[in-house]
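Reviewing the structure listed below.
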Amino acid sequence: MSRSLDSSRIPVVAFSHTRWAEGPRRPQHLLARLARQRPVFFVEEPVGDDDAAWLEHHEACTGVTVLTPHLPVQSPGFHDDHLATLQSLIGRQLRQQGVDETIAWLGTPMALPLLGSLAPRAVVFDSADDGWPHDELPRQWHQRESLLLRWSDLVLTRGPSHHEETLSRHRHALCLAGGADAQLFAPQGAASRIDTMLRAEQVQGRIPGPRLGCFGVIDERIDFGLIHALAAARADWQIVMVGPVRRVDPLELPRRSNIHWLGAQPEALLPQLVADWDVCLVPHAMNDAARLMGCGAVLDYMAADKPVVCTPQRDLVSLFGDVLRFGHDAPSFIAACDWALRESPDKRAERVAEMHAVVAVHSWERAVQSLHEALAQLLAAPRRADAPWCSTPERGRANCRELREAAV
């Protein structure tokens, strides 16, 4: 790469507190599609290694190179102890690839000090990448988040509520409420992949119907009381929960013979699992942790033509209130599920048509097109000079120190 390249080819260097292999998550969906136009380097948090520092790299998909630093330190995350070594490892890798101009993408404020040595052409703060639990945030998180909201060129948000809150702190925010992979989840597409259909049958084939299912991370944002009430009220309904259990004690999950915790499943298997569900559930707790969650799974359910029953999160009601069913407490949630199971053919045809229209508007492709346009505007504008990283690369190390000291 060289400075003479068209700005549409300037690479993205993304820093994330999650692993690429932990997908499907919002960053993977966006960055994999963004990489069809411009190269993406996805920098994961370091992992501990007893040997000398080194950088593992591999191509995750076309255009996306995953960089995993291995460091002889045990501090978690993008810790200050890592910064100098990370600068050297990442800088060397980019130079070897001929990269001398970048767009920085931060899914974690903890990587902010690394921008001093990177000296990016533009900075994107993906504030929608919310994998950290709020009660476990590193102490520097909020300070560095505030600095990013002040210095970044573009802030990505994950829904109307989050967008409104962000606009009060940053004037250039782009709302990307999630997207659906319609081809992957469409019934005809799911049914055409025989190998994964057989694997899905092995995972849940022994579970009788009707099946009411949900996929995603199982954490404090799930209303476990609602899951228990649903299973207790209808012993013949089978509640299928797919996803890794995080930040909650697995021993405290509700246990009944008709609740099935299937754990994390491969991304490629999700459409086939959903295809054999009768109703899709969004049992989010009505708490602060769940209030600003994205809409990705809901859109995938709609792409699969499934009736969807949710708790009344504000964004779901405002975006999709006409095509989803809502229950504000256990009795009304159960009633909504019962209605969905008894849906007439005419009502189903009407609902599916409405869902197809929603999915067409909220596809990942359209989200990334909006992102391409926003990046093009940023790169066409004069380079701002008020952020600490906007200087010559020779000042990178000094800038890194300034950024770190400003965010202690």
>> Go through it in stages, so that I can follow the logic: the residues are Trp261 and Leu253, the test is side-chain contact (heavy atoms from CB on, under 4.5 Å), and I'd like the CA-CA distance, side-chain angles, deciding distance and then a yes or no.
In response: CA-CA 9 Å; Trp261 302 97; Leu253 298 177; 3.8 Å; yes
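- Side-chain atoms of Val308 and Val282, non-hydrogen and from C-beta on, do get closer than 4.5 Å to each other.
- If you check the side chains of Glu44 and Thr68, you find a donor sitting under 3.5 Å from an acceptor.
- For Asp322, the CG atom sits in a loose shell: 12 or fewer heavy atoms of surrounding residues, nucleotides or ligands are nearer than 6.0 Å.
- Heavy-atom minimum distance, Ile259 versus His228: CD1-CA, 4.5 Å.
- Evaluation of the ring pair (Phe, Tyr, Trp, His ring centres under 6.0 Å) test over residues 349-388, restricted to residues two or more places apart or in two chains, returns His29-Trp364, Phe320-His362.
- Salt-bridge formation is not detected for the pair Asp315/Arg158: no Lys NZ or Arg NE/NH1/NH2 atom is positioned less than 4.0 Å from an Asp or Glu carboxylate oxygen.
- Residues meeting the ring-ring contact (aromatic ring centres under 6.0 Å, His included) test with His328, sequence neighbours left out: none.
- Note on Glu220 versus Arg247: salt bridge recorded, some NZ/NE/NH1/NH2 to OD/OE distance being below 4.0 Å.
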>> Does Gln369 form a side chain to side chain donor-acceptor pair (under 3.5 Å) with Glu365? I'd like the steps, not just the answer.
In response: CA-CA 6 Å; Gln369 181 58 40; Glu365 284 68 25; over 6 Å; no
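- Side-chain atoms of His260 and Gln238 form a donor-acceptor pair, as typed in the model, at a separation below 3.5 Å.
- Two residues are said to be in side-chain contact when any heavy atoms from C-beta on lie closer than 4.5 Å; Leu375 and Leu34 meet this criterion.
- Ser88 and Arg92 share a side-chain donor-acceptor pair at under 3.5 Å.
- A salt bridge does not link Asp236 to Arg234: none of the charged nitrogens lies less than 4.0 Å from a carboxylate oxygen.
- Partners of Tyr301 according to the ring-ring contact (aromatic ring centres under 6.0 Å, His included) rule, which considers only residues two or more places apart in sequence or in another chain, are Phe215.
- With respect to Arg33 and Asp181, a salt bridge is recorded, a charged nitrogen being found less than 4.0 Å from a carboxylate O.
- Annotation: His70, atom NE2; neighbour count of heavy atoms from other residues, nucleotides and ligands within 6.0 Å is above 12.
- Sequence neighbours left out, not one pair with a member in residues 197-216 passes salt bridge (charged side-chain N to carboxylate O under 4.0 Å, His left out).
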>> Set out, in order, the CA-CA distance, both residues' side-chain angles and the distance that settles side-chain contact (heavy atoms from CB on, under 4.5 Å) for Arg26 and Leu156, then state yes or no.
In response: CA-CA 11 Å; Arg26 172 197 175 90; Leu156 305 183; 4.1 Å; yes
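- Phe125 meets the ring-ring contact (aromatic ring centres under 6.0 Å, His included) test with no other residue; sequence neighbours excluded.
- By the salt bridge (charged side-chain N to carboxylate O under 4.0 Å, His left out) test, Asp153 is found to be paired with Arg384, residues two or more places apart in sequence or in another chain being considered.
- Within the 4.5 Å cutoff, the side chain of Asp219 has no heavy atoms near those of the Val245 side chain.
- Closest of all the heavy-atom pairs between Ala32 and Val64 is CA-CG2, 4.1 Å.
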